[in-house]
Participant: 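My questions will all concern the structure given below.
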Amino acid sequence: METVIIGLPSSGKTTIFNALTGRAAPVGDFSAAGRQVHLADVPVPDARIDRLSDLYQPKKTTYASVLFRDPPLAYQENGGLSPAGLGEVRKADAVTVVIRTFENESVPHPLRDMNPLRDLRTVLDSLVFADYEVAEKRLARLEKEAKRDGREYQVLKTVVERLGAGQLLGRGFFSTEDEKLFSGFAFLTAKPLVAVLNDGERSVDHAAVEAEAHAKGIAVFSIRGDLEAEIAQLEASEQAEFLKDLGASEPAKHRFLKHVYAHLDLLSFLTAGDPEVRAWSIRRGTTASRGAGTIHTDLEKGFIRAEVAWWEDLLACGGWPEAKKANKVRLEGRDYVLADGDVILVRFNV
Ligand SMILES: Nc1nc2c(ncn2[C@@H]2O[C@H](COP(=O)(O)OP(=O)(O)O)[C@@H](O)[C@H]2O)c(=O)[nH]1
Ligand SMILES: [Mg+2]
């Protein structure tokens, strides 16, 4: 899973990157060094993996992870993201939009005053516009080639209509069938979005921006960006005290990951053996054969069936052969929908 961090200049994108990853990338830096892409892979804490690792004592333990990407973004005269910035968004599985809700006299706002709702709309509009251009161009082409009867043309018309009205496509816009047909377009506004409200010392009213985000199906996460970035730099043992002052029980990165998993319909299935105990992130609704494909494409191509055990059963039985003996291992076919906490063993041939 990869998420790109976008937002207006000086909204605190790099600050949020630091808060969510524990890195110390330079903030407020517009020199050459500040124009580098910041990248960090953050493991998703998972007690099931810890417990299974205790059992198997594997050579390797691998948590699911979320890759955070904080690219330098340039804006065009019309306020939209530059093509390079849009390219960064296109690559990502999910988009994190940082909205400035902090006041800081020494950091000028690119649109002069603080206005979270306007900022959210500005960023979303540039995504909508980019999608509109792509869809419109393709539609014109199909018309020129007199290809108006196909499914692609029909759906594209609704796409153009929706975007033309300033709406995001939103998650779930495409049916599973259409998703395949349109995957090549990589529409930006069909990706899951999370708005991060970057709060300062004085709290500002979130009502308007939250209402808009919720109406558009966007998850909202509020955070004291600068403080949490500092806390994330401390030793784990020192963090607790500061987090308590903020009314938080966990570091920002763990809170954020939980939030993202819940709102983006992500879950993890597991694999367990002596070489490796590992969690694999998938979308809710992913079938056994597609899930196998996230492990290796050969496993999807040559998929025969999956042996599936519930992680707690496997743990209680003390191993795979024991779980089988206790009838805790089921055989499932390619269309079985994987559940959070399933441990699977894929049978395949190539
Ligand atoms: N007071 C305050 N300043 C912040 C906060 N977050 C970011 N800043 C400041 O805003 C400036 C720009 O932050 P940066 O993360 O580099 O923004 P970016 O351009 O969006 O990556 C820096 O000087 C930060 O210290 C915050 O929550 N409170
Ligand atoms: Mg930055």
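As the structure lists them, so they are numbered: ligands from 1, and atoms in each ligand from 1.
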Participant: Just to be sure I read this right, does ligand 1 sit under 4.0 Å from the backbone of N104, its side chain, both, or neither, counting only heavy atoms?
Facilitator: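 It is the side chain that touches ligand 1; the backbone stays farther off.
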Participant: Closest by any non-hydrogen atom to atom 10 (O) of ligand 1: pick that one out of N18, V107, L8, I16.
Facilitator: V107
Participant: Below 4.5 Å, heavy atoms only, C-beta onward: do V95 and P192 meet side chain to side chain?
Facilitator: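 No; the side chains remain at least 4.5 Å from each other.
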Participant: Between D70, T21, N18, which is the residue that forms a side chain to side chain donor-acceptor pair (under 3.5 Å) with H38?
Facilitator: D70
Participant: Using the rule given for side chain to side chain donor-acceptor pair (under 3.5 Å), can you reason through Y261 versus S281, listing the C-alpha separation, both sets of side-chain angles and the distance that settles it, and then say yes or no?
Facilitator: CA-CA 9 Å; Y261 267 66; S281 279; 2.3 Å; yes
Participant: With a 4.0 Å cut-off on heavy atoms, is G7 in contact with ligand 1?
Facilitator: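 Not so, G7 does not reach ligand 1.
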Participant: Going by heavy-atom distance to atom 28 (N) of ligand 1, choose the closest among D70, D226, L227.
Facilitator: D226
Participant: Is the shortest distance from a Lys or Arg side-chain nitrogen in R151 or D178 to a carboxylate oxygen in the other one below 4.0 Å?
Facilitator: yes
Participant: Just need the protein heavy atom nearest to atom 8 (N) of ligand 1, so name the residue and atom and give the distance.
Facilitator: F102 CZ, 3.6 Å
Participant: What part of T15, side chain from CB on, backbone N/CA/C/O, both or neither, has a heavy atom under 4.0 Å from ligand 1?
Facilitator: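 Both the backbone and the side chain of T15 come within reach of ligand 1.
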Participant: If you have a sec, work out which protein heavy atom is nearest atom 6 (N) of ligand 1 and how many Å separate them, to one decimal?
Facilitator: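 Going by distance alone, atom 6 (N) of ligand 1 is nearest to N198 ND2, 3.2 Å.
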Participant: Assess whether atom OH of Y336 is packed by more than 12 heavy atoms of other residues, nucleotides or ligands within 6.0 Å.
Facilitator: yes
Participant: Which atoms of ligand 1 sit under 4.0 Å from any heavy atom of D199?
Facilitator: 27 (O)
Participant: Below 2.8 Å, any N, O or S contact between T15 and the Mg ion (ligand 2)?
Facilitator: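 Looking at T15, which is the residue asked about, there is no N, O or S atom under 2.8 Å from the Mg ion (ligand 2).
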Participant: Among P110, A19, G28, P108, which one has a heavy atom closest to atom 16 (O) of ligand 1?
Facilitator: G28
Participant: Determine whether more than 12 heavy atoms belonging to other residues, nucleotides or ligands lie under 6.0 Å from atom CD of Q57.
Facilitator: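 Check passes, neighbour count above 12.
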Participant: If you measure from the Lys or Arg side-chain nitrogens to the Asp or Glu carboxylate oxygens, is any gap between R284 and D340 under 4.0 Å?
Facilitator: no
Participant: Taking side chain as C-beta onward, heavy atoms only, is F187 less than 4.5 Å from V134?
Facilitator: yes
Participant: Among protein heavy atoms, which sits nearest to atom 19 (O) of ligand 1, and what does the distance come to when rounded to 0.1 Å?
Facilitator: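 Atom 19 (O) of ligand 1 sits closest to the protein heavy atom S10 N, 3.1 Å.
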Participant: Of the protein's non-hydrogen atoms, which lies at the shortest distance from atom 25 (O) of ligand 1, and what is that distance?
Facilitator: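 Nearest protein contact, heavy atoms only, for atom 25 (O) of ligand 1 is V27 CG2, 3.9 Å.
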